[in-house]
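Structure first, then comments.
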2 protein chains.
Amino acid sequence: MDSVREKILDSAGRVFAERGYKSATIRQICQAAEANVAAVNYYFGDKQQLYLETVKQAHRRLSTQFPLPPWAQDASPESKLKGFIRAMLARMIGGKATPWEQQLMLREVLHPTSACRELVEEYFRPQLELLLSIISELLPSDTAAHRRRQAAFSIIGQCLFYRIAGDIVDMMAAADDEHHFTIEQLADHITQFSLAAISNTSPFDDRDNNARQSTSIA
Amino acid sequence: MDSVREKILDSAGRVFAERGYKSATIRQICQAAEANVAAVNYYFGDKQQLYLETVKQAHRRLSTQFPLPPWAQDASPESKLKGFIRAMLARMIGGKATPWEQQLMLREVLHPTSACRELVEEYFRPQLELLLSIISELLPSDTAAHRRRQAAFSIIGQCLFYRIAGDIVDMMAAADDEHHFTIEQLADHITQFSLAAISNTSPFDDRDNNARQSTSIA
DNA sequence: AAATGATTAAAACAACTGTTTAAAACAAGT
DNA sequence: ACTTGTTTTAAACAGTTGTTTTAATCATTT
């Protein structure tokens, strides 16, 4: 059931993810798919539309392959947070050889194209909402919305870092630990770090608008 | 004193930063520099060497334009941390229109080329070491090296996030707050978040190697 | 078996790529 | 004014790009 169209779509995903839109060539894609160059235009019209279809399919695959974790109600918010963080790390740096779907998404995050708006609404925003709901359980109920969101971004940022700067981290760590960078250990650290930060958040210390620089320090 | 060579170097920086190595064309660069196409080969040999020179120059400019903050000894570690975070944020998202030097560096982080190793040793590592020295003042002296490094990565990750996902964040925040994303306010939050996390770190709770998943939660 | 429509294949297209060439323009020293 | 060495220019080169064309192949129906 892997028709030519589907094989091209799959190869295109890998090539686009690895080389980016401009650098990826139709001939590379078709060679990987064992198809003729003209097949792309026959099935998709042109390169641009092929790319859009590829991004859509990446979104579809990720949504089914890594659905939002379901342990929503019974568990403690702490364990939910850890589950969320672990799932996020697994998606991002799982299997060492990161799936092309995730790579493509990252490219869209970095340099949004016309395919991005849909991704935000259907993929990123639901994840953020889930994380926010977990965080809300851990913070005083009167915490301002923007402070919850900043906490969420702090958590996401920690996870994203190892995806973004993984190669650099390896260069810096070099010869040192190395074995401290498994997903499980990273999840441990980020969860512990973030829980400590959140539980230590003083709700009265809301410097909110117009932060004075002269007030300084923390 | 902006000779043809220097004008090409400057234009190349902007074009490489915006379009990437492969997609940037010599004709684009030379047109922006008001020079002949042959000038690149005359002064730099070929495209690859021009790129290497460009990265080196970006490193040089950043190092002089944004030197490592000097308030190293007198201040409290908390204020030092905040200063570091603010400087890092300013470098990354300062001026709204990010300078091409920083964009180029980020490209090297994401997809390291042969120019990367030098950047790591001369630019990234010194910054990491400085951050680690600040963190060490805030943690028990018997804290393992890899835990300090993970704390550092958690802080850097939080800053990097707004650089990486800035466009997406804007898309999500949309119509909502907006004015909560100034550098000063981000620095406030990240500093507060990280200090809370660090000061709440229990040094005895070192799950170190072979983390059991069954032990679960935090 | 013939005919119809969908699919594949090879070749060609014009535009663009990095790079080279060979001659012109320029500057400075004699 | 002539020479020498450096810089700039326009043109051309060979290779690659996305896309199109035209004919061949395949599967299905009549």
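Proteins come first, then strands; the chains are lettered A, B, ... in the order of their sequence lines, and each starts at number 1.
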Check your understanding: Which pairs count as salt bridge (charged side-chain N to carboxylate O under 4.0 Å, His left out) when at least one residue sits in residues 106-115 of chain B, sequence neighbours excluded?
Key -> none
Exercise for review: Measure from CD1 on B:I8 to C1' on C:dG18 and round the result to the nearest Å.
Suggested key: 14 Å
Exercise for review: Please list, chain by chain and in numerical order, all residues satisfying side-chain hydrogen bond (donor to acceptor under 3.5 Å, both in side chains) with A:Q48, sequence neighbours excluded.
Suggested key: A:Y21
Exercise for review: Only counting residues at least two apart or in another chain, list the ones meeting salt bridge (charged side-chain N to carboxylate O under 4.0 Å, His left out) with B:E121.
Suggested key: B:R125
Exercise for review: Would you check if B:L160 and B:F153 make a side-chain contact, meaning some heavy-atom pair closer than 4.5 Å?
Suggested key: no
Practice item. Using the test side-chain hydrogen bond (donor to acceptor under 3.5 Å, both in side chains), find all partners of B:N36 that sit at least two apart in sequence or belong to another chain. Key: none
Exercise for review: For DNA chain C, find the residues of residues 9-23 of chain B with a heavy-atom distance under 4.0 Å and give them by number; none if there aren't any.
Suggested key: none
**Study point:** Set of side-chain hydrogen bond (donor to acceptor under 3.5 Å, both in side chains) partners for A:Y123, sequence neighbours left out
**Key:** none
**Study point:** Those residues of residues 39-58 of chain B lying under 4.0 Å from DNA chain C by at least one heavy atom
**Key:** B:N41, B:D46, B:K47
Practice item. For A:E34 and C:dA9, give me the distance from atom CD to atom C1', rounded to whole Å. Key: 15 Å
Exercise for review: If a pair satisfies side-chain hydrogen bond (donor to acceptor under 3.5 Å, both in side chains) and one of its residues is in residues 53-63 of chain A, list it, with sequence neighbours excluded.
Suggested key: A:D10-A:R61, A:H59-A:S63, A:H59-A:E122, A:R61-A:E101
Practice item. Under the side-chain hydrogen bond (donor to acceptor under 3.5 Å, both in side chains) rule, collect the residues that match up with B:D167, sequence neighbours excluded. Key: none
Point to revise | Residue A:Q103 excluded, over 12 heavy atoms near CD under 6.0 Å | key: yes
Check your understanding: Are the side chains of B:I135 and B:I155 in touch, meaning some heavy atoms are under 4.5 Å apart?
Key -> yes
Practice item. Rounded to the nearest angstrom, tell me the gap between atom CD1 in A:I26 and atom P in C:dA10. Key: 17 Å
Point to revise | Distance, rounded to the nearest Å, where A:I29 contributes CD1 and D:dG18 contributes P | key: 8 Å
Review point. C:dA6 P sits how many Å from A:R5 CZ, rounded?
Key: 16 Å
Pairs under 3.5 angstrom, nitrogen or oxygen only, protein versus nucleotides 10-14 of chain D, please.
| residue | atom | partner | partner atom | Å |
| --- | --- | --- | --- | --- |
| D:dA10 | N7 | B:N36 | ND2 | 3.4 |

Can you give me the N/O atom pairs linking the protein to nucleotides 24-29 of chain D at distances under 3.5 Å, or say none if there are none?
none

**Study point:** Check ion pair A:D188-A:K82 (N to O, under 4.0 angstrom)
**Key:** yes
Check your understanding: Is it true that the side chains of A:Q28 and A:R14 contain a donor and an acceptor less than 3.5 Å apart?
Key -> no
Point to revise | Partner residues of B:Q31 under the side chain to side chain contact (heavy atoms under 4.5 Å, CB included) criterion, sequence neighbours left out | key: none
